[in-house]
Amino acid sequence: MIDPKALRTATADVQANLARRGFDFDADAYLKLEEQRKTLQVETETLQSERNAHAKRIGQAKAKGEDIEPLLASVNTLGERLGAAEEKLKRVRQSLRDLELGLPNLLAADVPDGASEDDNVELRRWGEPPAFDFEPADHVAIGERLGLLDFDAAASMSGARFTVMRGELARLHRALIQFMLDVQTREHGYEEAYVPYLVHDTALLGTGQLPKFAADQFKTDADTPLYLIPTAEVPLTNLARDAIFKADELPQRLTAHTPCFRSEAGSHGQDTRGMIRQHQFEKVELVQLVHAEDSPAALEELTGHAETVLKRLELPYRVVTLCAGDTGFGATKTYDIEVWLPGQGKYREISSCSNYGDFQARRLKARVRSADTGKPELIHTLNGSGVAAGRALVAVLENYQLQDGGVRVPDVLQPFMGGVSRIG
RNA sequence: GGAGAGGUGGCUGAGUGGUCGAAAGCGCUCCCCUGCUAAGGGAGUAUACGUUAAUAGCGUAUCGAGGGUUCGAAUCCCUCCCUCUCCGCCA
């Protein structure tokens, strides 16, 4: 959520900022509701104060054994008036909250203008796309040729957007995950966590997937439904829920390997071939909980942590700054890392690293006690993929493919593969 | 799944309808005393919102969450979430 104070006092600025995303914030409707809220709150609190005073007087009278009938008579309409005021206030508050939960985050000042991914700005490139003296195949052809990637089997048991990996390919996938976790925990100071894959709606509300993106989530059919996590960002960031950290407990760096589940509603027809867009995929996630003033630097750092993985794997990539229109709902600023895929002849997203500012922290009540004032202040949260394992596997297959149909195993993965240096 | 107990402030733990945002202890902060250390004395110590120049006052809310009863609820009733004990089942 955006700071309600900012919504109230800097309404025009908020409106202009959100307009950069192409989001139309109805400021008049908001301010009107806010005005009602104020009036009703004062009215309600006055009546509550009156009720409390009466109740106290009755209590004192009763203690002294005095007759309380006249006092009871004096409050007989108060309860009704208070109830009505409270009811109205509750409704207005709910409307305000609904409105606030639907607002995307304010963009950082240095986010470039633009409407779609075509306007994203390339920041840097690393590595050279490999030159093949044959026509490079895509990962689907490579995997099926090896007999280790089976989309048909997956489709027969689960439908579209699932896959089955077998043998050395499944092992390579696991090796990627182990390698990434080792890099992030041993070299970058992240603490590894094992977390639930099913969470309450409140957890998704805290990180911003709900209420707006309910259609993207898988949900169990129970009396109190649970949601399959779309990313480990959800359980990891929820570790900060209701916390008031001591100043020296930040920053916190957390990582977890989890499966991720996405319904991919609204992406019919996109990336239907292969493993690029699946209902289920594995990812190593990076989350940082930091002091507010440190978050811009932390974003640069976290992005670098994801890049390290690709450098070690010797996979060519580029980093782009997402433009205003392409930046996600809760982010103030996002860098996408795109890896080179020879089979497609283009760079494709393999990691998305975002600074959420206080957007999630406000929903989660994640705070830190200020060293200066001693008062609790909202922390800033960041997250990024470090990196997506399924897509990393695709990148390895396509960049390391050999003319004979085999695939070379990247040097850094061989220790995780029992020394195996090629598949097929 | 069955039976029972319980969720109170940073922690332990009192409080079964009235002046309770909440005893007491621990911890923490500040001050005093003590020639070090240890011990002792005093004061303070939740969060959010509203009002405000104010992180001063004052008001409101919060004792797992949401409803209800009542002039008045931490305390009574209902629903849900969670924890613990015993039994069953189970990787």
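Numbered from 1 within each chain, the chains take letters A, B, ... in sequence-line order. None of these values were measured; they are calculated from a predicted model.
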Original post:
By side chain to side chain donor-acceptor pair (under 3.5 Å), which residues pair with A:T11, not counting sequence neighbours?
Top reply: none
**OP:** Give RNA chain B the dot-bracket treatment, 5' to 3': Watson-Crick (N1-N3 with N6-O4 or O6-N4) or G-U (N1-O2, O6-N3) under 3.5 Å, [ ] crossing, | other strand.
**Re:** ((((((((.[[[..)..(.....]]]((((((.......))))))((((((.....)))))).[[[[[..)....]]]]])))))))....
Original post:
Please give, in whole Å, the distance from B:U19 C1' to A:L71 CG?
Top reply: 15 Å
Subject >> salt bridge (Lys or Arg N to Asp or Glu O under 4.0 Å) contacts touching residues 16-25 of chain A (sequence neighbours left out) >> reply: A:R20-A:D113
**OP:** Report yes if a side-chain nitrogen or oxygen of A:S49 is closer than 4.0 Å to either non-bridging phosphate oxygen (OP1 or OP2) of B:U60; otherwise report no.
**Re:** yes
Subject >> Separation of atom CZ in A:R369 from atom C1' in B:A46, rounded to whole Å >> reply: 8 Å
Original post:
Is there a donor N/O on one and an acceptor N/O on the other, under 3.5 Å, for the side chain of A:Q60 and the base of B:U19?
Top reply: yes
Original post:
What is the nucleic acid contact for A:R367, judged by heavy atoms within less than 4.0 Å: base, sugar-phosphate only, or nothing?
Top reply: sugar-phosphate
**OP:** Determine which pairs satisfy ring pair (Phe, Tyr, Trp, His ring centres under 6.0 Å) with at least one residue from residues 155-187 of chain A, sequence neighbours left out, and list them in order.
**Re:** A:F162-A:H279
Subject >> Partners passing salt bridge (Lys or Arg N to Asp or Glu O under 4.0 Å) against A:R262 (at least two apart in sequence or in another chain) >> reply: none
Original post:
Is a donor-acceptor contact shorter than 3.5 angstrom present between the side chain of A:E45 and the base of B:G50?
Top reply: no
Subject >> Rounded interatomic separation in angstrom, taking CG from A:L89 and C1' from B:G59 >> reply: 15 Å
Using a 3.5 Å cut-off and no angle test, enumerate the donor-acceptor pairs between side-chain atoms of residues 192-200 of chain A and protein atoms at least two apart in sequence or in another chain.
none

Subject >> Nearest-Å distance once atom P is located in both B:G57 and B:A74 >> reply: 24 Å
Original post:
Does any residue of residues 7-14 of chain A have a heavy atom under 4.0 Å from RNA chain B, and if so, which ones, in number order?
Top reply: A:R8
Original post:
Taking for each residue the nucleotide of RNA chain B with the nearest heavy atom, is it A:A53 or A:I244 whose nucleotide lies nearer the 5' end?
Top reply: A:I244
**OP:** Inspect the contact between A:E307 and A:R312 and indicate whether a charged nitrogen and a carboxylate oxygen are less than 4.0 angstrom apart.
**Re:** no
Subject >> Distance in angstrom units between A:Q48 CD and B:U62 P, rounded >> reply: 8 Å
Original post:
Could you give the NZ-to-P distance, from A:K246 to B:A46, as a whole number of Å?
Top reply: 16 Å
**OP:** Taking the six-membered ring for Trp and the full ring for Phe, Tyr or His, determine whether the centres of A:Y190 and A:H305 are under 6.0 Å apart.
**Re:** yes
Subject >> Nearest-Å distance once atom C1' is located in both B:C89 and B:A48 >> reply: 45 Å
Original post:
Please, which pairs that meet salt bridge (Lys or Arg N to Asp or Glu O under 4.0 Å) have at least one residue in residues 142-157 of chain A, sequence neighbours excluded?
Top reply: none
Original post:
Which pairs pass salt bridge (Lys or Arg N to Asp or Glu O under 4.0 Å) with one or both residues in residues 273-289 of chain A, sequence neighbours excluded?
Top reply: A:D138-A:R273, A:E264-A:R277, A:D271-A:R277, A:K283-A:E285
Original post:
Hey, do the aromatic rings of A:Y227 and A:F261 have their centres closer than 6.0 Å?
Top reply: no
**OP:** Starting at atom CD of A:E34, determine the distance to atom C1' of B:G50, rounded to an integer number of angstrom.
**Re:** 11 Å
Subject >> Residue whose closest nucleotide on RNA chain B lies nearer the 5' end, A:R93 versus A:E50 >> reply: A:R93
Original post:
Expressed in whole Å, how much space separates the P atoms belonging to B:A54 and B:G66?
Top reply: 30 Å
Original post:
Any salt bridge (Lys or Arg N to Asp or Glu O under 4.0 Å) pairs touching residues 230-254 of chain A, not counting sequence neighbours?
Top reply: A:R253-A:E301
**OP:** For A:Q41 and B:G50, give me the distance from atom CD to atom P, rounded to whole Å.
**Re:** 7 Å
Original post:
Base, sugar-phosphate alone, or nothing: which one does A:R362 contact when heavy atoms must sit under 4.0 Å apart?
Top reply: nothing
**OP:** Go along nucleotides 64-82 of chain B 5' to 3' and tag each nucleotide: B for a protein heavy atom under 4.0 Å from its base, S when only backbone or sugar atoms are that close, - otherwise.
**Re:** ---S---BS-------SS-
**OP:** Indicate, with a heavy-atom threshold strictly under 4.0 Å, whether A:K38 touches base, sugar-phosphate, or nothing.
**Re:** sugar-phosphate
Original post:
Between B:C82 and B:G88, how far is it from one P atom to the other, in whole Å?
Top reply: 24 Å
Subject >> C1' atoms of B:C31 and B:G15, separation to the nearest Å >> reply: 33 Å
Would you tabulate the side-chain donor-acceptor contacts of residues 207-221 of chain A under 3.5 Å, counting partners in other chains and residues two or more places apart, or write 'none'?
from, atom 1, to, atom 2, distance (Å)
A:T207, OG1, A:A203, O, 3.1
A:T207, OG1, A:Q209, OE1, 2.6
A:K212, NZ, A:G102, O, 3.3
A:Q217, NE2, A:F213, O, 3.2
A:T220, OG1, A:L226, N, 2.8
A:T220, OG1, A:L226, O, 3.1

Original post:
B:A46 and B:C11: how far apart are their P atoms, nearest whole angstrom?
Top reply: 14 Å
Subject >> Between B:U45 (P) and A:K375 (NZ): distance, integer Å >> reply: 10 Å
Subject >> Whole-Å C1' distance, B:U75 and B:A23 >> reply: 16 Å
**OP:** In plain terms, say whether A:K90 and A:E86 are close enough for a salt bridge, that is, a side-chain N and a carboxylate O under 4.0 Å apart.
**Re:** no
Original post:
Mind checking the P distance from B:C77 to B:G6? Whole angstroms is fine.
Top reply: 12 Å
